[in-house]
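Hydrogens, waters and symmetry mates play no part in the numbers below; they use all other heavy atoms, side chains included.
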Amino acid sequence: MADVTYLKSLLGTHPDFPKKGIVFLDIFPILRDPVAFETLITHFVYHLTSKTIPSLPSRKIDVVVGLDARGFLIGPIIAQRLGAAFVPVRKQGKLPGQCVSASYEKEYGVDSFEMQADAIKPGQTVVVVDDLIATGGSAKAAGELVNKLGGKIVEYLFIIELTFLKAASKLDAPVYSIVQSDD
């Protein structure tokens, strides 16, 4: 697929960031290029409308959940294109009103995500969006929040998947990623 090759060619690479031994893949060059950004969004929407949505009994996605913070950059656009609601998942203490929370392991401790308690109605179909899946902890926590509210996750979407970490096996729905990295 030419669009995948194109998007992959624009990813920035930063060795030893945020710490030694890690090669950071940077999505921001894609976002700075309007044609590339449109290609990214169109790729996700095409995948959802041609593969995911036709397989659903309801034939629609009700909610797009975006993870703090890069999921906020692409999630609302995808939601709007699908005619779906956008729901943010934020770090603990950042959302007003009653919230549900879920904790997840990070490389240096435990963190918590929250979602407003009235954001998803039971039975709604949900896709979860973020820029990257590495260990899967934050995506799994977002999935737990959706499940607590009675939503049904139909897919997790990522721009980049670090396949060697095998995080997709920890999640409760299929994973779709545009770029897979095995190193």
Side-chain angles (χ1 to χ4, degrees), residues 3 7 27-28 30-104 111-134 136-161 167-168 171-179:
D3 54 344
L7 292 170
I27 66 163
F28 290 124
I30 293 171
L31 303 185
R32 288 193 298 262
D33 179 331
V35 172
F37 197 4
E38 179 59 37
T39 301
L40 174 72
I41 298 300
T42 300
H43 183 97
F44 276 133
V45 172
Y46 178 77
H47 167 76
L48 290 166
T49 58
S50 67
K51 302 278 193 291
T52 308
I53 292 172
S55 71
L56 301 175
S58 66
R59 295 263 198 261
K60 68 178 184 140
I61 292 169
D62 299 308
V63 179
V64 175
V65 168
L67 275 64
D68 194 342
R70 292 182 183 101
F72 298 175
L73 300 173
I74 57 176
I77 301 167
I78 294 169
Q80 190 219 16
R81 300 262 176 103
L82 297 174
F86 175 74
V87 172
V89 168
R90 302 255 1 234
K91 296 208 165 123
Q92 190 169 23
K94 300 291 185 182
L95 289 170
Q98 185 179 358
C99 295
V100 293
S101 66
S103 296
Y104 62 98
D111 211 344
S112 292
F113 268 158
E114 290 184 331
M115 178 186 290
Q116 290 175 314
D118 61 352
I120 295 174
K121 295 172 184 54
Q124 285 189 306
T125 53
V126 178
V127 294
V128 176
V129 179
D130 203 5
D131 66 324
L132 172 91
I133 182 166
S138 58
K140 184 176 180 189
E144 289 172 16
L145 294 173
V146 171
N147 291 328
K148 282 182 183 182
L149 297 180
K152 178 179 179 356
I153 299 175
V154 297
E155 196 164 37
Y156 291 85
L157 303 177
F158 304 97
I159 300 170
I160 303 164
E161 179 182 3
L171 302 180
D172 60 348
V175 167
Y176 178 76
S177 56
I178 296 175
V179 174

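Between M115 and V146, some side-chain heavy-atom pair lies under the 4.5 Å cut-off. Side-chain contact check for L48 versus R81: every heavy-atom pair is 4.5 Å or farther apart. Between L67 and D131 the shortest side-chain heavy-atom distance does not fall below 4.5 Å. Taking the side chain as every heavy atom from C-beta outward, F37 and L31 approach each other to under 4.5 Å. The shortest side-chain heavy-atom distance between T52 and Y176 does not fall under the 4.5 Å cut-off.
Put simply, NZ on K152 and CG on N147 are 9.5 Å apart, with the number rounded to the nearest 0.5 Å. Rounding to the nearest 0.5 Å places CG of L82 at 5.0 Å from CD1 of I53. To the nearest 0.5 Å, the span separating CD on E161 from OH on Y156 amounts to 13.0 Å. Put simply, CD1 on I159 and CG on L40 are 4.5 Å apart, with the number rounded to the nearest 0.5 Å. One finds the OG atom of S103 at 9.5 Å from the CD atom of E114 (value rounded to the nearest 0.5 Å). Atoms CD1 and CG, on I153 and L171 in that order, are 8.0 Å from each other to the nearest 0.5 Å.
A donor-acceptor contact shorter than 3.5 Å is absent between the side chain of Q92 and the backbone of D111. Between the T125 side chain and the K60 main chain, a donor and an acceptor come within less than 3.5 Å of each other. Remark: the backbone N or O of S101 is paired with a side-chain donor or acceptor of K148 at under 3.5 angstrom. Looking at D68, its side chain does come within 3.5 Å of a backbone N or O of K91 through a donor-acceptor pair.
Closest of all the heavy-atom pairs between D3 and H43 is OD2-ND1, 2.6 Å. Closest heavy-atom contact between V89 and A142: CG2-CB, 4.3 Å. Taking all atoms of both residues into account, the shortest heavy-atom contact from S55 to R59 is N-NH1, 4.1 Å. The minimum heavy-atom distance linking A141 with A102 is given by the pair O-CB, 3.6 Å. For the pair I160 and S177, the tightest heavy-atom approach, listed with the atom from each and the gap, is C-CB, 4.4 Å. Residues G66 and F72 approach most closely at O-CE2, 3.3 Å, considering heavy atoms.
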Run the numbers on F86 and I78 for side chain to side chain contact (heavy atoms under 4.5 Å, CB included), then give the verdict.
CA-CA 9 Å; F86 175 74; I78 294 169; over 6 Å; no

With side chain to side chain contact (heavy atoms under 4.5 Å, CB included) as the criterion, how do I120 and D62 come out once you've worked through the C-alpha distance, each side chain's angles and the decisive distance to 0.1 Å?
CA-CA 9 Å; I120 295 174; D62 299 308; over 6 Å; no

Given D130 and R70, is the side chain to side chain contact (heavy atoms under 4.5 Å, CB included) satisfied, shown in steps?
CA-CA 6 Å; D130 203 5; R70 292 182 183 101; 4.2 Å; yes

Start with the C-alpha gap between K51 and E155, add the side-chain angles, then the distance that decides, and say whether side chain to side chain contact (heavy atoms under 4.5 Å, CB included) holds.
CA-CA 11 Å; K51 302 278 193 291; E155 196 164 37; over 6 Å; no

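Within a 6.0 Å sphere centred on CD of Q80, heavy atoms belonging to other residues, nucleotides or ligands number 12 at most.
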